[in-house]
Number of protein chains: 2
Amino acid sequence: MSDKGRPRSFDRADALMRAMKVFWEKGYEGASLTALTAAMGINAPSLYAAFGCKEALYLEAMELYAQTVGTDIWAALETAPTAREAVSRFLLATAEAYSQPGTPHGCLIALGGLHQAAVPEAVCDALTRHRMENTDKLRQRLEAAIAEGELRDGVDAGAVATFYATVQHGMSILARDGGSYEALKNVADGAMAAWGVLTQNTVP
Amino acid sequence: MSDKGRPRSFDRADALMRAMKVFWEKGYEGASLTALTAAMGINAPSLYAAFGCKEALYLEAMELYAQTVGTDIWAALETAPTAREAVSRFLLATAEAYSQPGTPHGCLIALGGLHQAAVPEAVCDALTRHRMENTDKLRQRLEAAIAEGELRDGVDAGAVATFYATVQHGMSILARDGGSYEALKNVADGAMAAWGVLTQNTVP
DNA sequence: TCCATTCTGTAATGATCGATACACAAAGGT
DNA sequence: ACCTTTGTGTATCGATCATTACAGAATGGA
């Protein structure tokens, strides 16, 4: 029913990926329609026909980021045999991703929507929600480790998860400031240095 | 020589403080001239006569932030008797400042200029430089501790400083996401949990 | 008192923003 | 071949952005 009319002359998925990179580098407010259409190789009306509006395009780009770049980073959480290894690999994957040449440094989601006034409410909310969900993934992995007996019963999984998520967010800023892979790895190692003490603490 | 002509009808320092709060909450790009002049209680020509342009106003506001809010946070570095206590107090002061009711959450400097394209180059550079200088303050305190014998000779002061600065940057994002004082303190405690291991490591 | 100087408020500047009106092109269905 | 439907390119929309012309108001100095 929808294969009538003139066919689209560009690859929607490819255009979305290009838009994602622009948003990643410049942020929502820094990515002008002019910059977006130039990078996507299309004109404004095509963008609006295919994606709705800038806000909707951003939300799609954010999801694409989460499902491509994000997946690389978070995959370790589910494949590593122990929680400690999972968090360690997660941080090292972060260090690697954030210093990857050819892509913007730091995380689209961590660095986006930090100034409410500069961004539509829905975008700000979606970004905050994503950050929360990521913290939650860490927490769930830690809780699984408690259930499996790797970690002591009573370890505050939420607190530990918040700590590692926060370190990762800081790594985005470090990456934006030009921090090298070594600098990022150093932070990852530093955070893992807290593991022993953190997983000894119990909820009071 | 300059007390000729019609006197200024507003308090420049007060207006700058109000502008600082707007930039703090909204960021450079989110703070429109309309919002700035409204908060400052003056009209655009008065703003331009007193501060030059938006970019110059931002740079002044940033310096004011560093010398007021910033000083509260960094004071501990110089007053605490040991480096460990200095860093610990620094992180706790951060947790307190970033959750202070009545002020925007998180740090103006940590959260500013993270998207180059959305901000004048000079602003972006000044913010990055400030973040670097802050890391340097930590490093210098750690090096002093090495010189004094508190820390082992060979501890990588730069690496430890980068770790704690990065954690603090992450705390700004946590604060923006509504993280409570308890959540922020929890991160501070987590970072301090790494102290023992970090200060055992030596440069290879 | 009159002038030079500086500030204030109104109102407007050109530039850029996100978003579209419109006419034409390219496809399928009949 | 014709109609319907949808995408494309040009050119433009009103809104908002940062910035400023301009005329009047308020001061000190002559």
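Note that the structure is a prediction, hence the values are computed from the model and not measured.
The shortest distance between the side-chain N/O atoms of Y48(B) and the OP1/OP2 oxygens of dT20(D) is not below 4.0 Å. Within the structure, every side-chain polar atom (N or O) of T34(A) is placed at least 4.0 Å from both OP1 and OP2 of dT16(C). In terms of phosphate contacts, K54(B) brings a side-chain nitrogen or oxygen within less than 4.0 Å of OP1 or OP2 of dA18(D).
Both P45(B) and L36(A) lie close to DNA chain C; mapped to their nearest nucleotides by heavy-atom distance, the more 5′-ward contact belongs to P45(B). Comparing S9(A) and A44(B) by the nucleotide of DNA chain D that holds the closest heavy atom to each, the one mapping nearer the 5' end is S9(A). Residues Y28(A) and L47(B) both approach DNA chain C. Their nearest nucleotides, taken by heavy-atom distance, put L47(B) toward the 5′ side.
No engagement by A50(A) is indicated, since no non-hydrogen atom pair under 4.0 Å with the nucleic acid exists. Nucleic acid contact class of A35(B) (heavy atoms, under 4.0 Å, all strands): none. Nucleic acid contact for P7(A): sugar-phosphate only, since backbone atoms but no base atoms lie under 4.0 Å from a heavy atom of the residue. Counting any heavy atom pair closer than 4.0 Å across all strands shown, A49(B) reaches no nucleic acid atom.
Counting only heavy atoms from C-beta on, K4(B) has its side chain closest to dT5(C) among dA18(D), dG7(D), dT5(C). Which of dG18(C), dT6(D), dT10(C) sits closest to the side chain of N43(B) comes down to dT10(C). The R6(A) side chain lies nearest to dA26(C) when the options are dA26(C), dT8(C), dA19(C). Out of dG18(C), dA26(D), dT8(D), the shortest distance to the side chain of L33(A) is found at dG18(C). With distances taken from any side-chain atom of C53(A) to the nucleotides dG29(C), dA19(C), dA25(C), the minimum falls on dA19(C).
The residues R139(B) and E143(B) are annotated as salt-bridged, a charged nitrogen and a carboxylate oxygen being separated by less than 4.0 angstrom. With respect to D189(A) and K185(A), a salt bridge is recorded, a charged nitrogen being found less than 4.0 Å from a carboxylate O.
Two residues are said to be in side-chain contact when any heavy atoms from C-beta on lie closer than 4.5 Å; L174(B) and Y98(B) fail this criterion.
For M40(B) and dT8(C), the CE to P distance is 11 Å, given to the nearest whole Å. In this entry the distance linking CD1 of I42(B) with P of dA25(D) reads 21 Å, nearest Å. Rounded to whole angstrom, the span from the CZ atom of F51(B) across to the C1' atom of dA18(D) amounts to 16 Å. Rounded to whole angstrom, the span from the CZ atom of R8(B) across to the C1' atom of dT5(C) amounts to 14 Å.
The shortest non-hydrogen separation linking V167(B) to T166(A) is O-CG2, 4.1 Å.
For the pair R84(A) (side chain) and W195(A) (backbone), a donor-acceptor distance under 3.5 Å is absent.
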